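To keep things clear, I will list the structure first and then write my remarks on it.
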Amino acid sequence: MSNMGARVARMFRNFNLENRVHREISKEKPRAAPRHEADLSRSSGGSEAAETAKSVSQKNAPLLGLLRSVYVESKDPAAAEASQEVSVETEGARRPLRFSVPGGHYGLVELSDVPRGKLTIAETLKALGSHQRHPQTWTPGKIAQEYSLDLKDTKALLEFFIPFQVHIIPPKTQSAKQIKAS
């Protein structure tokens with residue numbers, strides 16, 4: 001039923017379309033609004049424009065002196081801490097890998113070490129899996145110490161990062177089709 005309504009609407013929309021288009025095209029175009037008198041005098045008077053350009057390009061000695069007396073000193077405490085962290089990191093910036101996945105044949109580069117405070121995906125999954133299986137043994141403090149991480153970051157990682165889990169639901173009947181392991 002709605003298809004019929006669309007046909008009727010299209011018929012009215014396309015009715016006499018060409019004549020309506022020609023009528024709109026042939027209408028006289030609207031003229032631009034007249035310019036304000038002040039704008040006309042400015043654009044026609046070339047001497048004022050030259051004087052303005054000349055005054056802009058001149059150096060004003062009193063203003064230049066005031067500008068030279070201005071001295072701005074900025075101290076950002078966050079930037080100072082960041083520069084201290086960078087200097088600390090450059091001393092012992094990298095740590096050897098604890099766990100890695102061989103990836104040479106997949107087009108991945110085999111890593112030998114990573115920056116302190118960072119984890120690879122394999123190390124992250126290993127640490128999270130160990131924490132899930134043995135939470136009393138693999139506490140946030142032990143994981144932070146083992147992988148050279150900040151304790152606050154380790155707690156956030158354990159709280160918010162959930163590794164991929166596979167749940168296999170057995171079929172309700174034995175006659176259901178199952179995919180065999182290869």
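As the structure is a computational prediction, the values presented were derived from the model and not from experiment.
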Note to self: Within the 4.5 Å heavy-atom criterion, are Trp138 and Glu146 side-chain neighbours or not?
What the structure shows: yes
Check: Crowded around Lys142 NZ? As in, over 12 foreign heavy atoms under 6.0 Å?
Finding: yes
Check: Do the side chains of Leu149 and Ile121 join up, straight or via other hydrophobic residues, at under 4.5 Å, putting them in one cluster?
Finding: yes
Note to self: Quick check: do Lys126 and Tyr147 have side-chain heavy atoms less than 4.5 Å from each other?
What the structure shows: yes
Check: For the atom pair CD (Gln132) and CG (Leu158), what is the distance rounded to the nearest 0.5 Å?
Finding: 9.5 Å
Margin query: Starting from Val8, can I reach Phe15 by hopping between I/L/V/M/F/W/Y residues whose side chains sit under 4.5 Å apart?
Written below: no
Check: Counting only heavy atoms not in Lys29, do more than 12 fall under 6.0 Å of its NZ?
Finding: yes
Margin query: Using every non-hydrogen atom in the two residues, find where Val114 and Glu123 come nearest and quote the distance to one decimal.
Written below: CG2-OE1, 4.3 Å
Notebook entry, point to check: To the nearest 0.5 Å, how far apart are CD1 in Ile143 and OG1 in Thr124?
Noted result: 10.5 Å
Check: Less than 4.5 Å apart, any side-chain heavy atom of Glu24 and any of Lys27?
Finding: yes
Next item on the list: With the side chain counted from C-beta on, respond yes when Leu157 and Leu119 share a heavy-atom pair under 4.5 Å apart, and no when they do not.
Entry: yes
Item checked: Side chain Thr139, main chain Gln136, donor-acceptor under 3.5 Å -> no
Next item on the list: For residues 55-73, pull every pair meeting side-chain hydrogen bond (donor to acceptor under 3.5 Å, both in side chains), keeping only residues two or more places apart or in separate chains.
Entry: none
